[in-house]
Number of protein chains: 2
Amino acid sequence: MRMSAGVEWAVHCCVVLSQAEHPVPSSRLASLHGVSKTYLAKHLQALARAGIARPTEGRDGGYVLMRPPEQISVLDVVQAIDGPEPAFRCTEIRQQGELAAPPEQCRKICGVAKVMADAERAWRTSLSATSIADLAGSFDTSGMRRVLRS
Amino acid sequence: MRMSAGVEWAVHCCVVLSQAEHPVPSSRLASLHGVSKTYLAKHLQALARAGIARPTEGRDGGYVLMRPPEQISVLDVVQAIDGPEPAFRCTEIRQQGELAAPPEQCRKICGVAKVMADAERAWRTSLSATSIADLAGSFDTSGMRRVLRS
DNA sequence: GTACACGTACTCGGATAAGACGTGTCCGAGTGCTGGGGG
DNA sequence: CCCCCAGCACTCGGACACGTCTTATCCGAGTACGTGTAC
């Protein structure tokens, strides 16, 4: 199970955006973090589709957070980049093969799928407990703001 | 983020093996669940490498669980198939680009990585709370045993 | 009747292709600023 | 001095290749059982 590397980029970008007072272009965000400009742009589009950041076109344009950083959880960013569908997808193999269970036993969710769903729920709950604002507190925001002004 | 489909197969196979009294060949496990024989064999090898199931060669051979099903957690099976490495891999982009943090600020783990690690820990804890024996209780084990004897 | 040796059928195991997805890149369309000219 | 307009540079956005991992398959090596034979 592997999470897209773009998630890390997106979270860091959100932290930077939470400290910016003006729109920040995707190319600037890329050079700030030392990553590919064009590929980061792709992920920022995903943030825009999810309603987390808003792009401004034209000169002096860039991305701005659409909500206060306290109201953006890490889970929001992860799901924006990685997709909202769960990692485990039950293919209902309990209904296939020689020991296929009869349909009347399959009204309830498969026990395997339930365990996986519970685990993913715990994962999401943990991610949603931290906001971008919380994360920003663990970084050197003063230096971040200084670099953003220059 | 996607989990390997083989995880579902492996968990169901472990449930079946917990009800079997004799070794069950991989080809039998495949036809019982209606999945590819050869591909399932590959995943069963992973279970063997992880010390969960043991293969027996020759005629009347097959796989047998190496531990009582109460002592095999769903997490054990998931990690055997999907690998033990975490889904999120921090690439330390806080040390790259224009706003690279100085090394003395990087002795502690990156805040982003910490949030992800905590979430995955919650996920693993949830998965380890359920054993193969618990799962077997949610299936029709009597029918399973009947089919296995035939 | 018993023990041994052989043949066979079955098992696992690793090495080998095909497909899907994440990763990375490129160029075109659209927009807001800015400088110059006219009123 | 103020307003309007054209040009421009910059931005985003979607369409296009590449590499890697998951998925899927095949064939060979090895082993335990069953049978036939010799003692």
Side-chain angles (χ1 to χ4, degrees), chain A residues 1-10 13 17 20 22-64 66 78-83 85 87-89 91 93, chain B residues 1-10 13 17 20 22-64 66 78-89 91 93:
Chain A
M1 197 169 56
R2 266 183 56 193
M3 180 179 294
S4 166
V7 170
E8 184 184 10
W9 300 7
C13 284
L17 288 177
H22 301 292
V24 184
S26 65
S27 59
R28 189 81 207 284
L29 285 170
S31 64
L32 285 176
H33 293 108
V35 300
S36 159
K37 297 178 195 298
T38 52
Y39 190 32
L40 178 62
K42 193 181 205 66
H43 291 311
L44 292 174
Q45 290 176 30
L47 286 184
R49 272 191 292 271
I52 294 175
R54 188 171 51 79
T56 309
E57 294 190 339
R59 184 175 158 179
D60 294 352
Y63 281 93
V64 180
M66 289 188 73
V78 170
Q79 289 195 331
I81 304 297
D82 221 55
E85 58 274 359
F88 179 85
R89 296 146 300 146
T91 60
I93 67 175
Chain B
M1 196 169 58
R2 266 183 54 196
M3 181 179 293
S4 167
V7 171
E8 184 184 10
W9 300 6
C13 284
L17 288 178
H22 301 292
V24 184
S26 65
S27 60
R28 188 81 206 281
L29 286 170
S31 64
L32 285 175
H33 294 108
V35 299
S36 160
K37 298 178 194 298
T38 52
Y39 190 31
L40 178 62
K42 193 181 204 65
H43 291 312
L44 292 174
Q45 289 177 30
L47 286 184
R49 274 191 291 270
I52 294 175
R54 188 171 50 79
T56 309
E57 294 189 339
R59 184 175 159 180
D60 295 352
Y63 281 93
V64 180
M66 288 188 73
V78 169
Q79 289 196 330
I81 303 298
D82 220 56
E85 58 275 359
F88 179 85
R89 295 147 300 145
T91 59
I93 67 175

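Throughout, a chain's letter reflects where its sequence line sits, starting with A, and its residues are numbered from 1. Hydrogens, waters and symmetry mates are skipped; everything else that's a heavy atom, side chains included, is used.
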* Asked: For B:Ser4 and D:dT23, is the shortest distance between a side-chain N/O and OP1 or OP2 below 4.0 Å?
  -> yes
* To do: Indicate, with a heavy-atom threshold strictly under 4.0 Å, whether A:Ser36 touches base, sugar-phosphate, or nothing.
  => sugar-phosphate
* Asked: Atom CD of B:Glu85 to atom C1' of D:dT20: distance rounded to whole Å?
  -> 14 Å
* Going from CG on A:Asp82 to CZ on A:Arg2, what distance comes out if it is rounded to the nearest 0.5 angstrom? -> 11.0 Å
* Of all of residues 41-51 of chain B, which get a heavy atom below 4.0 angstrom from DNA chain D, listed by number? -> B:Lys42
* Asked: Which heavy-atom pair separates A:Ala53 from A:Met66 by the least distance, and what is that distance?
  -> C-CG, 3.7 Å
* Taking for each residue the nucleotide of DNA chain C with the nearest heavy atom, is it B:Asp60 or A:Arg2 whose nucleotide lies nearer the 5' end? -> B:Asp60
* Kindly give the heavy-atom pair with the smallest separation between B:Ala46 and B:Ile81, and that separation in Å. => CB-CD1, 4.1 Å
* Asked: Say you draw a straight line from NE2 of A:His43 to OG1 of A:Thr38; how long is it, rounded to the nearest 0.5 Å?
  -> 10.0 Å
* Identify, between A:Gly58 and B:Gly62, the residue whose nearest nucleotide on DNA chain C lies closer to the 5' end. => B:Gly62
* To do: By nearest nucleotide on DNA chain D, pick out whichever of B:Glu57 and A:Thr38 is the more 5' one.
  => A:Thr38
* **Separation between CZ of B:Arg49 and CG of B:Leu44, rounded to the nearest 0.5 Å** => 11.0 Å
* CG/A:Leu47 to OG/A:Ser26 distance, rounded to the nearest 0.5 angstrom? -> 11.5 Å
* Less than 4.5 Å apart, any side-chain heavy atom of B:Cys13 and any of B:Leu40? -> yes
* Whole Å only: how far is the CH2 atom of B:Trp9 from the P atom of D:dT22? -> 15 Å
* Asked: Whole Å only: how far is the OH atom of A:Tyr39 from the P atom of D:dG19?
  -> 15 Å
* Report the C-alpha distance between B:Thr91 and A:Glu8 in whole Å, list the side-chain angles of each, state the deciding distance to 0.1 Å, and finish with yes or no for side chain to side chain contact (heavy atoms under 4.5 Å, CB included). => CA-CA 8 Å; B:Thr91 59; A:Glu8 184 184 10; 2.7 Å; yes
* Structure fact -> Nt span of DNA chain C in reach of chain A heavy atoms at under 4.0 Å, 5' end first, is C:dT23 to C:dT34
* Asked: At what distance, to the nearest 0.5 angstrom, does CE of B:Met3 lie from CE of A:Met1?
  -> 4.5 Å
* Structure fact -> Rounded to whole Å, the CZ-C1' distance (B:Arg59 to D:dA29) equals 19 Å
